[in-house]
2 protein chains.
Amino acid sequence: MDDPGNGGHAALVQLQAYLAQMDHAGETRLPAERELSESLGVSRGDLRKALAVLEKDGRIWRHVGRGTFVGSGPVEETIGISEIAGRTNPADVMRARLILEPEIAREAALHATLSDIAAMRQSLVQTREAVTWRQYENVDNLLHRQIAQASRNNVLLGLFDVLNAVRRTVVWGRLRSEGARPPADHHSFADHERIVEAIAERDLGGAAAAMRLHLQQVERRLIPVREAAE
Amino acid sequence: MDDPGNGGHAALVQLQAYLAQMDHAGETRLPAERELSESLGVSRGDLRKALAVLEKDGRIWRHVGRGTFVGSGPVEETIGISEIAGRTNPADVMRARLILEPEIAREAALHATLSDIAAMRQSLVQTREAVTWRQYENVDNLLHRQIAQASRNNVLLGLFDVLNAVRRTVVWGRLRSEGARPPADHHSFADHERIVEAIAERDLGGAAAAMRLHLQQVERRLIPVREAAE
DNA sequence: AGGGAAATCATATGCGGATTGGTTAAATTG
DNA sequence: CAATTTAACCAATCCGCATATGATTTCCCT
């Protein structure tokens, strides 16, 4: 062979050159090992040794069936809701809501458009018109999501959606007594109105505080009798 | 026909009965419309009218290619990172980090175990030992995730992972100048140490404040020259 | 022995057909 | 003629199988 005993060092040099050239072109996926080994004129074993070095250094990343890519790590393309929901409990979900949603309301108070506020007010009306708990929950969900949308920050909206999906998975099956309709003096009506009004008046702190108060009320009703445990 | 002019009311009644029977069996997916219409002895049009009523009421949910299901809504099983990242920008990501991560640090200060803190301190050392920016970023990522893990709240950890994946997708390609190693007086070293120390001392407010300060520094460096626009 | 090439394995992707809710046009019926 | 049923078609999804790819083992040649 040409360079016996080099232990594949030549392959590493060639591969780094190839990688630099490809990185410049903006391409992220490099050819299959079988092609690349022939293209670079090295054995597949040496190529794999060089790839292993670069992988340990964090410059490339490989996965069976997909290929080899340049970049620090495999960016998770999707997040499984059930994976999160499977290892948690309603209390943790509520804690996360108390952290995230008041600040989302604050952002909404800062960035909401007039049509956003109009949509929220319409949802407020629909909330009172709901004749069954199921309808009420649908409109309630919609209202909370409208607030997240009004933040005009798609990252916050995405986080809200994730949290919402986890919540609905965790508390799945906990239905209220069917048939009954939400009482007219349900705390959420006034809570929601306070939140929307604060957003409409661009009262950042007020919106956050109102949302926090509302969620604390929900928490109190959701976990009615909780001993001092934990 | 049997009951002309009933407008499909008979179909609605039959469908409700079927749904109750099926709901009792624990099954969530009901047969295809073509089968169910024949099974119930009603036309597909009337069946669809009845299904539309139940859908508007929130008792069922349907989607093309999947079927019709009982339940309030389609619980998104997975969230696409690229869907979020595609419609956002680094500033929104930074805003979300500033909202979420300080509160995560606060929770970590409350719930971190001794082994959590030991792992963080080891990461602090590794941060200073990094000889290339890529290594530094890997350890930095690890440290921030360790803090999220120390919150002992899997929902917060999941939200952090989502946010992190979005961040890495959005700022993808913005690599620092290769070759250079992080300077010894990089602000992040002291920032990180303050955060970990506050967590170790169970200083809730201090941990949150230190994290907020750190992220503001990162923001200042990430968006170096930003006019007063927006 | 030792290294390289080929075979083999396990996993991921791509593609075509089948399924299903949504929509429109034709047929039937009173 | 009007209303309703029926059929046909559309778009999105799922499923099975072939293919592609990285990982591992085996074999062969020097």
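In what follows, chains carry the letters A, B, and so on, assigned in the order in which the sequence lines appear, proteins first and then strands, with residues in each chain numbered from 1.
A salt bridge links A:Glu193 to A:Arg128: one of the charged nitrogens lies within less than 4.0 Å of a carboxylate oxygen. A salt bridge is absent between B:Asp92 and A:Arg152: the closest approach of a Lys/Arg side-chain nitrogen to an acidic carboxylate oxygen does not fall below 4.0 angstrom.
OP1 or OP2 of C:dG21 sits under 4.0 Å from a side-chain N or O of B:Thr68. The phosphate of D:dA23 has OP1 or OP2 within less than 4.0 Å of a side-chain N or O from A:Arg62.
Atom NZ of B:Lys56 and atom P of C:dG22 are 14 Å apart (whole Å). Between B:Leu51 atom CG and C:dT23 atom C1' there is a gap of 15 Å when expressed in whole angstrom units. Rounded to an integer number of Å, the gap from CZ of A:Phe69 to C1' of D:dG22 is 11 Å. Summarising the geometry, the separation between CG on B:Leu30 and C1' on C:dT19 is reported as 15 Å, rounded to the nearest angstrom. Going from atom CD of A:Glu33 over to atom C1' of C:dA6 covers 15 Å, rounded to whole Å. For the pair B:Arg29 CZ and C:dT19 P, the computed distance is 12 Å after rounding to whole Å. To the nearest angstrom, P of C:dT20 lies 14 Å from CD of B:Glu38. With rounding to whole Å, B:Arg48 atom CZ is found 8 Å from C:dT23 atom C1'.
Along DNA chain D, the nucleotide closest to B:Gly45 and the one closest to B:His63 are compared, and the more 5′ of them pairs with B:Gly45. Along DNA chain C, the nucleotide closest to A:Arg66 and the one closest to B:Arg34 are compared, and the more 5′ of them pairs with A:Arg66.
In this structure, B:His144 has its ring center closer than 6.0 angstrom to the ring center of B:His214.
In this model, no donor atom of one side chain and acceptor atom of the other lie less than 3.5 Å apart for B:Asn164 and B:Arg97.
No hydrogens or angles were tested; on distance alone, nothing pairs the side chain of A:Arg44 with the base of C:dG4 as donor and acceptor under 3.5 Å.
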